[in-house]
There are 2 protein chains.
Amino acid sequence: LAEQRLTDAIRGQYELFGFAPIETPAVERLSILNAKGGIQRQIFAVRRPAEDDSEQASLGLHFDLTVPLARYVAQHADCLTFPFRRYQIQKVWRGERAQRGRFREFYQCDVDIVGSGSLDLVHDAEIPAVINATFQSINIPNFEVRISNRKILTGLLAGCAVEPTRLAPALRVIDKSGRDGAAATCAQLREDGFPDRLVDAVAELLGSTTLDDARAVLRSHGAAADGVDELDVVMDGAGRLGMPAERLRADFSIARGLDYYTGTVYETFITGHEAWGSVCSGGRYDDLASYFSHRKFPGVGVSVGLTRLLDLLVQGEYLHVDGESPARVIVTMADRGRFLRDYLALARTLREAGIPTEAYLEDRALRDQIAYASAKGIRVAVIAGASELDNDTVTIRDLKHHIQEIVTGDSMVPYIRQLLAS
Amino acid sequence: LAEQRLTDAIRGQYELFGFAPIETPAVERLSILNAKGGIQRQIFAVRRPAEDDSEQASLGLHFDLTVPLARYVAQHADCLTFPFRRYQIQKVWRGERAQRGRFREFYQCDVDIVGSGSLDLVHDAEIPAVINATFQSINIPNFEVRISNRKILTGLLAGCAVEPTRLAPALRVIDKSGRDGAAATCAQLREDGFPDRLVDAVAELLGSTTLDDARAVLRSHGAAADGVDELDVVMDGAGRLGMPAERLRADFSIARGLDYYTGTVYETFITGHEAWGSVCSGGRYDDLASYFSHRKFPGVGVSVGLTRLLDLLVQGEYLHVDGESPARVIVTMADRGRFLRDYLALARTLREAGIPTEAYLEDRALRDQIAYASAKGIRVAVIAGASELDNDTVTIRDLKHHIQEIVTGDSMVPYIRQLLAS
């Protein structure tokens, strides 16, 4: 019930921004899933019934929603309207060691905007606004989207004459500075044999608190500042789209995956729970479907790990699971032998008024029926015996506040509506 | 988008009746999936990454939601409140030959009420009421729930002294009479060597149009009429719960699966499309989890094959897919160079008013932007150049009726709301 409510809220916000839902099969060809390399070792293979051994490895369960999106866009490009704005909320499977916060079967909620040939930078501004609206809608009290642009770090490293083969190791160390701190990062870079010139430049960049500071650092090391200029456009646009300035922070240490993102990168942290790690990450990529198509599809997007987020929200007591039933009302049966038909008609009336209602249909004592409703977290009980039904009335009991009142049949629905709204 | 709306409507009705959502993993142990026999040959096996061959066959994808429910109830019986009312909307996988109306990966929408030890017959009355509310909510103009009770046919066969081993073949023939007609059914029974006494009894039963007729047939053949009595209680209760009499018909030919259902059985046909077959079927079972538990869990439930229903509704043109975007409004950019920030702010205002809105963020001519919105089925365009923005106005164009009007900034939201509601 809690997960369903969380999913609905996320979906509602994605649709508010005009993203359309798509769904792709859970089972894809292994050749598709393996195309990008990376996490093959985590793929669950699927074997068709009565299939001979030679074909065993031909299918697998998808491990993310990006590879299926790439396959989908390449396959259906001729029918899609670009920029293609889609969201996708589906289970994915990964053969990881299951542990707290890591699952083998879990939900991801992805939004992406994919262009054909090109995609304007302003699209990157929508993503933080979507995250903000989404996290607000699920009542997370405080959170921060940290944003950077891959070109800033790669530009700085190039400006400091780091060899191309050493780029990835350097980025990997710098990416950890959000967790380990700038001092530890610089010490590690030095230990790994990077020149002082680079270590100093990184220290200056990580110490920058404004975009202008970062621009100055880049220029002083002979690097172009176009990554900062892009970040400027994106942060300004995000603000215009409703992202509060205090929830969006430039963080020049963010690098993320090494061979995938090419521009803007995002991570999202829940304030006070930064150790949980980023709960919503993504970025800009130059070419989504290069393995499946000769056409170029640049895009930008972000993914919420829903199952993990749900787990964290429940652990952190941000999410209260209110009962185990969507029913708000139970129609009890005080004298089932005589009035069963009346009770069923009462349940019908409440449902037709849009109030989720359960009729208690076992033959039990009234106190057992009330105990059952309380155990399930149902708020209101309708109780009626001969004295009520002969006078066209019912007793309405508020199971939360332990008060009850006799109302006429006609006022049952409005009375209960008011009670539930209070 | 269409499937999402269909799923939401079904879910809404299930919750209105107080069913709580559960979700079980797609991947179960093969020993669980195989416990009930039946369709092993259709199970997709799942292999863990880096698993050695000896373990290959230990996991599989679930092929229905009933076996996982049985496992779930047996496993969590101590934490559940009985009667346990759950709905479950998930994908299932079957290794069938894919063809029209048959898929290898598809959605099922199940509701079940499961008791511990016993479950009152009145619960069986809720199921047709749930089907009725659900099918009405998805705008199916006319449909019929056909209902029977397994005890009627098995009682009649026993009364006619059919040997236990011949019960299943006889039921299988009779179950087809809804499609083939009573005459063909009787001819087939005769051809299969069943005695005249039985063939005559079946002909009489299938010719019965009322419960009293059926009672008389059973009694005249020495069979108990308790199946008819149960059906009577269930049909009366369903009526009280809102099921219109003209949509619920006793059909004594319904037998359904042979070793599973023990009482009430349901099938649902869309009027004029009976050849599609039943789109929602189920029934009462005496013991859900006999393979997993020594406790007895009787239940009653029904399953909608969502993917197939969606396919049929689209084919039958009952379901119109209205555009490919949830966005109702597009904010166009007539002078992006000067007013980008204003356009983004307009999009924000509309979203904050709860109106799904896309901002067009590519740098294109206005007519391309309008063409894009029309292609996606977006209803309203917001257009603003210097002449509008300098006077705090915007032009609102109705892309469906090709009319437009200039309104003030403050009246943009109410004007668009009214347009969308019209």
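From a predicted model like this one, the values you see are computed outputs, not experimental measurements. Chain letters run A, B, ... following the sequence lines, proteins first and then strands; every chain starts at 1.
- Rounding to the nearest 0.5 Å places OG1 of B/Thr81 at 7.0 Å from OH of A/Tyr372.
- With respect to the salt-bridge test (charged N to carboxylate O, under 4.0 angstrom), the residues B/Glu15 and A/Arg5 qualify.
- Looking at B/Leu61, the atoms closer than 4.5 Å to chain A (heavy atoms on both sides) all sit in the side chain, from C-beta outward.
- We find that A/Arg85 and B/Glu362 are not joined by a salt bridge, their nearest charged nitrogen and carboxylate oxygen being 4.0 Å or further apart.
- With a threshold of 4.5 angstrom between heavy atoms, B/Phe84 does not approach chain A through any atom at all.
- For residues 121-132 of chain B, a heavy-atom distance under 4.5 Å to chain A picks out B/Val122, B/His123, B/Glu126, given by residue number.
- The residues B/Arg336 and A/Asp120 are annotated as salt-bridged, a charged nitrogen and a carboxylate oxygen being separated by less than 4.0 angstrom.
- Note on B/Val329, B/Asp8, B/Thr349: by heavy-atom pairs under 4.5 Å with chain A, the leading option is B/Asp8.
- A/Arg86 and B/Glu324 are not joined by a salt bridge, as no carboxylate oxygen comes within less than 4.0 angstrom of a charged side-chain nitrogen.
- Looking at every heavy atom in both residues, B/Ala20 comes nearest to A/Pro326 through CA-CD, 3.5 Å.
- Using a 4.5 Å cut-off between heavy atoms, B/Gln136 makes no contact with chain A at all.
- Side-chain contact between B/Leu16 and A/Ile355 is absent, with no heavy atoms from C-beta onward closer than 4.5 Å.
- Residue contact with chain A, scored on non-hydrogen atoms closer than 4.5 Å, involves the side chain of B/Ala347 exclusively.
- Of the possible polar contacts, one joining the A/Glu105 side chain to the B/Ala26 backbone as a donor-acceptor pair under 3.5 Å is found.
- Residues A/Gly18 and B/Ser325 approach most closely at O-OG, 3.7 Å, considering heavy atoms.
- The two atoms that bring B/Lys91 and A/Thr24 nearest to each other are NZ-O, 3.3 Å, heavy atoms only.
- Contacts between B/Arg11 and chain A at a heavy-atom distance below 4.5 Å involve the side chain alone, from C-beta outward.
- Smallest separation of non-hydrogen atoms from A/Phe17 and B/Arg351: CE2-NH1, 3.0 Å.
- By number of non-hydrogen pairs under 4.5 angstrom with chain A, the leading residue of B/Leu350, B/Thr357, B/Asp363 is B/Thr357.
- With a 4.5 angstrom heavy-atom cutoff, B/Glu23 touches chain A only via side-chain atoms.
- Residue B/Tyr343: no heavy atom, backbone or side chain, is found under 4.5 Å from chain A.
- With respect to chain A, the highest number of heavy-atom pairs below 4.5 Å among B/Arg348, B/Lys376, B/Arg240 belongs to B/Arg240.
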